[in-house]
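Note: hydrogens, waters and symmetry copies are ignored here, and every other heavy atom, side chains too, is used.
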Amino acid sequence: MQIVRSIKDLRFAITAWRQNGQRVAFVPTMGNLHAGHIQLVKTAQQQADRVVVSIFVNPAQFGPNEDFASYPRTEQPDQAKLADCGTDLLFLPSVVEMYPTPLQTQVSVKGLSTLHCGASRPGHFDGVAIVVCKLLNMVQPDLLLLGEKDFQQLAVIRTMVADLNIPVTIQGVPTVREADGLAMSSRNSYLTTPERQHAPLLYRALCATRDAVLSGSTDYQSAIDRQTKILQDAGFLLDYFRICRSADLLPATENDAELVILIAAKLGKTRLIDNIYFTRGNWARAKSEAAVTGA
Ligand code: PAF
């Protein structure tokens with residue numbers, strides 16, 4: 001595995017591959033890699049000749065009171081994991097390499113960036129958008145792989161890429177979970193032992209809410225309230241817990257079929273996010289047919 005720290009070296013390596021007609025996939029990360037990241041690399045390998053991974057803890061996407069300083073930086077184990085799974089190139093830029101001068105340009109996906117996580121973390125998605133835009137311009141990959149765990153991030157980046165005509169195909173990769181259902185996340189390492197035992201309740205609440213919707217309930221608020229109570233009793237401080245349309249992340253109505261349930265909550269000092277998406281297809285279709293036939 002080649003390791004480069006400068007944009008110049010990155011471009012040099014990638015240009016050589018391109019001249020040989022090779023297809024390049026890119027996995028941007030902030031490091032502290034877990035099985036979810038490795039799954040992104042493995043999915044990338046199935047679809048490209050070369051896989052580039054970046055590790056950059058991006059200051060622009062952290063708020064002033066957030067965990068930028070304490071975000072786990074685990075360069076050596078990360079390098080070993082990436083080399084083990086056959087990554088071709090690791091890009092490890094410094095903050096100065098990425099942001100040599102104060103930014104005068106903003107990349108902001110309006111609307112989407114202010115919902116859900118964007119409401120609790122003002123400016124977060126602008127920071128994500130600018131760094132991903134810059135990284136895409138540096139790597140110029142054919143394929144960009146992102147985890148579906150950050151469902152809103154994926155939607156923001158898809159919108160940015162479409163709006164700016166960035167020539168890359170985006171592939172979302174399903175969330176990798178621990179055996180007890182907890183979504184893998186670099187921030188899980190902040191959890192204390194008792195918190196870690198309660199953490200899988202978040203996914204259980206998502207599944208129970210999805211099952212209520214799939215069994216025909218359109219009283220979304222009651223389904224959410226039931227699970228909110230269970231989570232609060234277990235010590236979660238909920239930020240949001242909503243049933244939305246997966247296309248635009250706006251509140252779902254009973255006529256929507258493509259749904260995503262989004263949740264964010266604090267457990268102690270750790271902010272956890274998760275989601276589950278599904279189609280209410282058959283049930284919704286049966287209902288609308290019944291309405292047409294008057295059944
Ligand atoms: O999901 C992440 O790890 C980050 O938000 C990303 C996409 C690498 C941008 O810094």
Side-chain angles (χ1 to χ4, degrees), residues 1-33 35-61 75-76 78-101 103-107 109 125-148 150 153-174 176:
M1 181 177 74
Q2 213 176 322
I3 299 179
V4 300
R5 293 178 189 268
S6 72
I7 299 163
K8 187 166 158 275
D9 291 346
L10 173 75
R11 290 219 162 108
F12 185 76
I14 294 175
T15 303
W17 296 338
R18 288 214 170 283
Q19 281 167 350
N20 291 330
Q22 294 183 325
R23 189 173 149 80
V24 177
F26 176 46
V27 178
T29 81
M30 297 206 301
N32 195 26
L33 304 179
H37 295 112
I38 303 307
Q39 184 60 34
L40 293 174
V41 176
K42 288 191 173 150
T43 309
Q45 283 165 336
Q46 288 161 11
Q47 293 171 70
D49 303 300
R50 299 287 183 172
V51 178
V52 175
V53 176
S54 64
I55 297 181
F56 178 62
V57 184
N58 171 35
Q61 69 188 75
E75 200 173 301
Q76 292 311 318
D78 286 351
Q79 282 186 23
K81 285 178 195 170
L82 291 173
D84 271 4
C85 70
T87 303
D88 294 282
L89 186 145
L90 170 59
F91 180 44
L92 268 176
S94 65
V95 173
V96 171
E97 185 71 6
M98 289 298 289
Y99 299 112
T101 51
L103 279 177
Q104 299 187 58
T105 303
Q106 200 181 355
V107 181
V109 179
F125 287 117
D126 291 356
V128 170
I130 191 83
V131 82
V132 173
C133 189
K134 281 164 74 71
L135 286 165
L136 287 174
N137 284 331
M138 291 167 194
V139 178
Q140 301 191 359
D142 300 284
L143 185 66
L144 170 69
L145 293 103
L146 295 163
E148 288 177 345
D150 297 298
Q153 167 171 281
L154 183 54
V156 166
I157 295 172
R158 277 192 198 283
T159 306
M160 173 189 78
V161 161
D163 284 354
L164 299 181
N165 301 92
I166 301 178
V168 68
T169 302
I170 299 183
Q171 185 174 344
V173 177
V176 178

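- Taking the side-chain contact (heavy atoms from CB on, under 4.5 Å) definition, one finds that Asn32 meets it with Pro72, Thr74, Ser186, Ser189, sequence neighbours left out.
- Within a 6.0 Å sphere centred on NZ of Lys42, other residues, nucleotides and ligands contribute 12 heavy atoms or fewer.
- A heavy-atom distance below 4.5 Å is not found between the side chains of Leu143 and Ile170.
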Worked check of side chain to side chain contact (heavy atoms under 4.5 Å, CB included) between Leu40 and Leu146: CA-CA 7 Å; Leu40 293 174; Leu146 295 163; 5.7 Å; no
Full working for side chain to side chain contact (heavy atoms under 4.5 Å, CB included) between Glu148 and Val173: CA-CA 6 Å; Glu148 288 177 345; Val173 177; 5.7 Å; no
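- A salt bridge links Arg50 to Asp88: at least one charged side-chain nitrogen sits closer than 4.0 Å to a carboxylate oxygen.
- Note that the SG atom of Cys133 and the CG atom of Leu164 stand 5.5 Å from one another [nearest 0.5 Å].
- Minimum heavy-atom separation, Ala25 to Leu145: CB-CD1, 3.9 Å.
- Closest heavy-atom contact between Asp78 and Leu33: OD1-N, 2.9 Å.
- Closest heavy-atom contact between Gly127 and Asn58: O-ND2, 3.0 Å.
- Between Thr43 atom OG1 and Gln47 atom CD the span is 7.0 Å, to the nearest 0.5 Å.
- Nearest heavy atoms, Val132 versus Met160: CG1-CE, 4.1 Å.
- Applying the salt bridge (charged side-chain N to carboxylate O under 4.0 Å, His left out) criterion to Arg18, with sequence neighbours excluded, gives Asp142.
- Residues Leu136 and Val161 are in side-chain contact: their nearest non-hydrogen atoms beyond the backbone lie under 4.5 Å apart.
- For Gln106 and Asp126, the side-chain atoms include at least one donor-acceptor pair closer than 3.5 Å.
- At a threshold of 4.5 Å between non-hydrogen side-chain atoms, the residues Met30 and Ile55 do not count as touching.
- Distance check: Leu10 CG to Leu90 CG gives 10.5 Å after rounding to the nearest 0.5 Å.
- Atoms CZ and CD, from Phe91 and Gln2 in turn, are 12.5 Å apart once rounded to the nearest 0.5 Å.
- At least one side-chain heavy atom of Arg11 sits under 4.5 Å from a side-chain heavy atom of Ile7.
- Minimum heavy-atom separation, Phe56 to Pro93: CD1-O, 3.5 Å.
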Dump the intermediate steps for side chain to side chain contact (heavy atoms under 4.5 Å, CB included) on Asp49 and Val24, then the final yes or no. CA-CA 6 Å; Asp49 303 300; Val24 177; over 6 Å; no
Start with the C-alpha gap between Ile130 and Tyr99, add the side-chain angles, then the distance that decides, and say whether side chain to side chain contact (heavy atoms under 4.5 Å, CB included) holds. CA-CA 11 Å; Ile130 191 83; Tyr99 299 112; 4.0 Å; yes
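- Between His37 and Lys81, the closest side-chain pair of non-hydrogen atoms is not below 4.5 Å.
- A salt bridge between Arg5 and Glu75 is present, with a side-chain N of the basic residue lying under 4.0 Å from a carboxylate O of the acidic one.
- Separation of atoms SG (Cys85) and CD (Gln39) is listed at 10.5 Å; rounding is to 0.5 Å.
- Taking CD1 of Ile38 as the reference point, atom OG1 of Thr87 lies at 6.5 Å (rounded to 0.5 Å).
- Taking every heavy atom of both residues into account, Ser54 and Leu135 meet most closely at OG-CD1, 4.0 Å.
- Contact annotation: the side chain of Val156 never approaches that of Val128 to less than 4.5 Å [non-hydrogen atoms, C-beta and beyond].
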